[in-house]
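These notes are about the structure you will find just below.
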2 protein chains.
Amino acid sequence: MESILNSVTTDDLLYRMIFDYYIEDEECMVVTIKDVAKRANVAPSTVSRVIADSSRISLDTKKRVRKAMKELGYYPNVNARNLAVRSSQAIGVIMPSSAETALQNPFFPEVLRGIGSTAHETEYSLYVSTGGNDEQLFEEVKRMVYGNRVDGMILLYSRVADPIMDFLVEANFPFVVIGKPYEQESRITYVDNDNYHASLELTNHLIDYGHRHIAFIGGTTDLVVTMDRLRGYRSALKKANLDFKDDYIVHDEFLRSSGRKAVERLFSLKKPPTAMVIADDMMSLGVINMLEEFGVDCPEDVSITSFNNLYLSELIRPALTTVDIQIYMLGVQSAKCLIEKLKHKEEPAKRIIIPYSIKFRNSTKNIN
Amino acid sequence: MESILNSVTTDDLLYRMIFDYYIEDEECMVVTIKDVAKRANVAPSTVSRVIADSSRISLDTKKRVRKAMKELGYYPNVNARNLAVRSSQAIGVIMPSSAETALQNPFFPEVLRGIGSTAHETEYSLYVSTGGNDEQLFEEVKRMVYGNRVDGMILLYSRVADPIMDFLVEANFPFVVIGKPYEQESRITYVDNDNYHASLELTNHLIDYGHRHIAFIGGTTDLVVTMDRLRGYRSALKKANLDFKDDYIVHDEFLRSSGRKAVERLFSLKKPPTAMVIADDMMSLGVINMLEEFGVDCPEDVSITSFNNLYLSELIRPALTTVDIQIYMLGVQSAKCLIEKLKHKEEPAKRIIIPYSIKFRNSTKNIN
DNA sequence: CATCTTCGTGCAAACGAATGCGCTTTTGGT
DNA sequence: ACCAAAAGCGCATTCGTTTGCACGAAGATG
């Protein structure tokens with residue numbers, strides 16, 4: 001009798017404790033798979049199988065379990081899940097080391113948006129790199145890989161002799177790169193534009209417009225994309241029997257001060273260019289700005305074409321003639337590729353070329 | 001006898017399988033805490049304590065263990081760790097729903113860079129939202145919170161009656177917002193600029209320059225930042241005894257088509273504005289573009305001032321007079337705040353105001 | 001009416017690390 | 001020399017899931 005009384009009191013107390021607890025910190029009320037199981041009168045394993053929508057569970061049970069989950073507000077603990085299945089349903093996104101102001105380029109949020117879109121559809125999460133300099137970045141990649149933080153990675157850039165890329169192929173870790181890998185091209189899956197032909201076409205357009213003195217301004221030469229665009233430019237010149245002058249090539253980060261020197265040099269040549277192919281809309285912005293300081297007008301005195309078709313390239317004056325590389329699409333496809341690869345481990349290396357199109361606007365002038 | 005034979009063969013096979021496996025996929029050779037323990041001749045628990053740099057372990061042992069870790073290339077499994085300690089050393093970054101092209105704003109990569117920087121220092125990882133529309137975003141936040149995916153969150157925007165923010169305070173989940181919360185201001189920690197005074201000062205500058213007809217162009221009115229900037233503008237007008245005209249106020253997403261209408265309306269007024277306060281550099285870009293179409297020159301015919309001091313605001317023509325809100329710093333501080341809060345659970349709600357400064361450039365003209 | 005499938009579940013052992021507690025040593029004080 | 005305290009370390013449990021295997025109950029087959 002007494003024991004019953006005790007028992008009752010204890011239960012009562014317990015109930016109130018739980019109740020109070022519940023009131024205080026709702027977020028701490030962790031409801032686990034066991035709670036759900038209890039409420040649905042099944043074993044935890046059954047609940048787990050319901051979550052996975054296993055065919056081995058009857059519809060009746062599934063419904064009952066799902067109801068219990070709803071009622072309890074159950075959300076699976078990812079960490080436990082990931083530990084058990086040794087994966088993380090997350091993909092790592094590696095930006096170039098943020099030391100470079102390249103990050104200010106709207107290219108990144110846009111490509112991130114694309115990646116995020118397909119990641120979301122497939123219930124993957126996004127992990128983005130935070131590393132400041134190259135070394136930190138590398139360290140972080142290692143942590144992601146070895147620490148089981150992500151199942152795969154997307155590299156948002158491609159440079160020559162990139163230790164991170166080397167590391168990833170070495171470790172046989174699934175990844176895709178946006179841009180063309182510098183080496184082992186056939187063994188790495190990547191999504192890219194046909195930058196070579198885009199550049200060629202762009203340059204041809206300038207040639208068609210009567211330009212014979214065309215400069216090329218690109219970013220650091222260790223970016224593969226820069227080199228591809230340069231190659232396209234050279235080919236176009238060659239095919240038109242125009243000679244290629246080293247003086248017309250500028251490689252620069254294009255932050256203000258250094259950019260100034262570049263433009264200064266270009267326009268103090270005995271024969272300054274009447275047109276330029278610039279590897280990135282943001283650079284064009286910088287160039288146009290410099291140009292103005294030197295009293296050179298675009299497109300009157302010099303025509304400008306560039307790449308990426310950023311949102312703002314249409315807003316500035318003059319609106320840029322630029323190649324639309326479909327940034328968003330690059331993101332979408334790279335994520336799709338990666339996830340495909342994660343699902344079927346032995347998926348072969350792929351290459352996906354996103355079509356480009358040239359947006360003709362008014363930064364170029366026909367001087368025929 | 002036969003069973004022994006069998007057993008041997010099986011073991012042998014198994015061994016070879018493991019061996020092959022080892023050769024094939026290096027990354028699968030997961031080295032755990034136990035392996036390290038074995039190699040260092042200690043118990044796994046000791047290794048764990050070495051990792052945590054516990055004072056209970058002698059320096060000798062620590063060194064030995066660390067050596068073993070290096071040699072084996074040990075990296076802790078985050079999932080296991082997180083499961084055990086019930087945290088994740090990750091912070092969630094919530095961007096506005098990516099449906100809006102707002103994402104193209106370089107504000108985001110820049111603030112991300114700031115967050116990433118301090119996250120990296122403190123060994124936190126970054127989880128970014130991928131949600132497309134508001135609903136998806138909400139769902140994702142729930143998954144992050146309930147699923148133990150992140151320890152805390154940073155909201156990159158603040159709007160009125162945001163269900164996500166409500167949810168987070170309701171769940172008592174640690175978060176900080178960049179921008180001023182619409183309600184419960186005193187209970188939410190946030191980092192912001194003094195947008196009111198910045199706007200006031202900016203408007204005063206235009207008034208000092210002799211402008212009497214000043215328009216305000218802002219984004220959607222449900223962004224708190226927009227409202228703050230609008231308030232500053234109104235105050236300045238009032239103090240200068242200028243009357244506030246509804247005709248001079250435009251709220252718009254400022255994508256091309258809609259933006260056109262806005263500018264059109266503004267400049268077909270009997271008394272068009274001679275100056276404007278614009279809530280964002282990107283918008284200014286759009287406005288300037290429209291202006292040109294209408295044959296209105298900036299700064300000759302109309303002065304423009306705006307906010308954010310994006311990298312590009314200095315590059316465009318005319319270079320924008322804009323308030324530098326220190327985007328990077330906003331990111332850094334918000335992350336610091338959050339991490340502080342995570343460390344000391346009962347940290348009070350804070351408010352951090354990042355100082356602003358006005359960059360005077362040539363988009364404004366003195367018409368006295 | 002046995003035997004054999006299928007079907008629906010539950011049991012228990014992983015997954016890799018953290019940690020309370022207890023067991024040895026050492027150290028220091030008297 | 002003795003005892004207490006402290007230092008250094010290991011055992012075993014825990015975190016919340018997944019999953020191979022086994023088990024029991026139907027239904028099908030002979």
Side-chain angles (χ1 to χ4, degrees), chain A residues 27-66 68-69 72-90 123 143-149 151, chain B residues 14 27-66 68-69 72-90 123 143 145-149 151:
Chain A
E27 101 276 15
C28 281
M29 258 311 292
V30 273
V31 15
T32 75
I33 210 172
K34 287 178 194 162
D35 302 320
V36 176
K38 220 163 277 169
R39 182 174 250 261
N41 274 321
V42 293
S45 50
T46 304
V47 178
S48 172
R49 279 187 255 265
V50 171
I51 294 171
D53 204 19
S54 158
S55 61
R56 291 174 50 186
I57 305 294
S58 67
L59 206 64
D60 277 12
T61 316
K62 277 187 188 171
K63 275 182 189 157
R64 217 168 63 242
V65 171
R66 290 208 178 104
M69 296 193 334
L72 265 52
Y74 168 77
Y75 277 80
N77 180 315
V78 263
N79 293 318
R81 169 167 215 290
N82 293 345
L83 178 57
V85 302
R86 278 197 230 59
S87 95
S88 58
Q89 288 286 308
E123 308 246 284
R143 269 181 20 210
M144 284 193 190
V145 171
Y146 291 132
N148 253 275
R149 251 170 251 261
D151 293 344
Chain B
L14 195 62
E27 99 277 15
C28 282
M29 254 315 290
V30 274
V31 14
T32 76
I33 210 172
K34 286 178 196 162
D35 302 321
V36 177
K38 218 164 279 169
R39 182 174 251 263
N41 275 321
V42 293
S45 50
T46 305
V47 177
S48 172
R49 281 186 252 267
V50 171
I51 295 171
D53 204 18
S54 156
S55 61
R56 291 174 49 185
I57 306 294
S58 69
L59 206 66
D60 276 12
T61 315
K62 278 187 187 172
K63 274 184 189 155
R64 216 169 61 244
V65 171
R66 291 209 177 103
M69 297 193 334
L72 265 52
Y74 169 76
Y75 278 79
N77 180 316
V78 263
N79 293 318
R81 169 167 216 289
N82 295 345
L83 177 58
V85 303
R86 278 194 228 59
S87 94
S88 58
Q89 288 286 308
E123 306 244 286
R143 269 181 22 210
V145 171
Y146 290 132
N148 254 274
R149 252 170 249 261
D151 294 343

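Source: prediction; values computed, not measured. Reminder, nothing fancy here: chain letters follow the sequence lines and each chain counts from 1.
With hydrogens and angles ignored, a donor-acceptor pair under 3.5 angstrom links the side chain of S45(A) to the base of dC11(C).
At a threshold of 4.0 angstrom between heavy atoms, the contacts of V47(A) with the nucleic acid are absent. Contact annotation for P44(B): no contact, since no heavy-atom pair falls under 4.0 Å across all strands. Heavy atoms of S48(A) sit under 4.0 angstrom from at least one base atom. Among the protein residues, D60(B) comes within range of no part of the nucleic acid, since none of its heavy atoms lies under 4.0 Å from any strand. Using a 4.0 Å heavy-atom criterion, one finds that L83(B) contacts the bases of the nucleic acid, with or without backbone contacts as well. Residue-level contact check: V78(A) touches neither bases nor backbone, having no heavy atom under 4.0 Å from any strand.
The distance from atom CD1 of I33(B) to atom CG of L72(B), rounded to the nearest 0.5 Å, is 12.5 Å. Atom NZ in K62(B) sits 6.5 Å away from atom OG in S54(B) (nearest 0.5 Å). To the nearest 0.5 Å, atom OG of residue S88(A) and atom CG of residue L83(A) are 12.0 Å apart.
Here the C1' atom of nucleotide dA18(C) and the CG atom of D53(B) are 15 Å apart, to the nearest Å. If you take CZ of R86(A) and P of dA14(C), they are 12 Å apart, rounded to a whole angstrom. In this structure, the CG atom of N82(B) is 11 Å from the C1' atom of dG16(C), given to the nearest Å. In this structure, CD1 of I51(B) is placed 11 Å from P of dT19(C), rounded to the nearest angstrom. Between the C1' atom of dG16(C) and the CG atom of N148(A) lies a distance of 10 Å, rounded to the nearest Å. Going from atom CD1 of I33(A) over to atom C1' of dT18(D) covers 8 Å, rounded to whole Å. Across the protein-nucleic acid pair, I57(B) atom CD1 and dG10(D) atom P stand 8 Å apart, rounded to whole Å. The separation between L59(B) atom CG and dG8(D) atom P is 10 Å, rounded to whole Å.
Distance alone, capped at 3.5 Å, is enough to place a donor-acceptor pair between the D35(A) side chain and the T32(A) backbone.
Taking the side chain of R49(B) as heavy atoms from C-beta on, and the options dA17(C), dC11(D), dT17(D), the nearest nucleotide is dC11(D). Ranking dT19(C), dT17(D), dG16(C) by closeness to the N77(B) side chain, first place goes to dG16(C). Across dG16(D), dA18(C), dG10(C), the shortest atom-to-atom separation from the side chain of R81(B) is found for dA18(C). If you check dC11(D), dA18(C), dG10(C) against the side chain of A43(B), the one that comes closest is dC11(D).
Closest approach of P44(B) and A37(B) over heavy atoms only: N-CB, 3.6 Å.
Nearer to the 5' terminus of DNA chain C, by closest-nucleotide assignment, is the contact made by S58(A) (compared with the other of S58(A) and T46(B)). With DNA chain D read from its 5' end, the first of the two nearest nucleotides for A84(B) and K62(B) is the one closest to K62(B).
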- Task: Take Q89(A) and V78(A), measure what side chain to side chain contact (heavy atoms under 4.5 Å, CB included) needs, and give me the verdict at the end.
- Result: CA-CA 9 Å; Q89(A) 288 286 308; V78(A) 263; over 6 Å; no
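In this structure, Y75(B) does not reach the dA17(C) phosphate: none of its side-chain N or O atoms is under 4.0 Å from OP1 or OP2.
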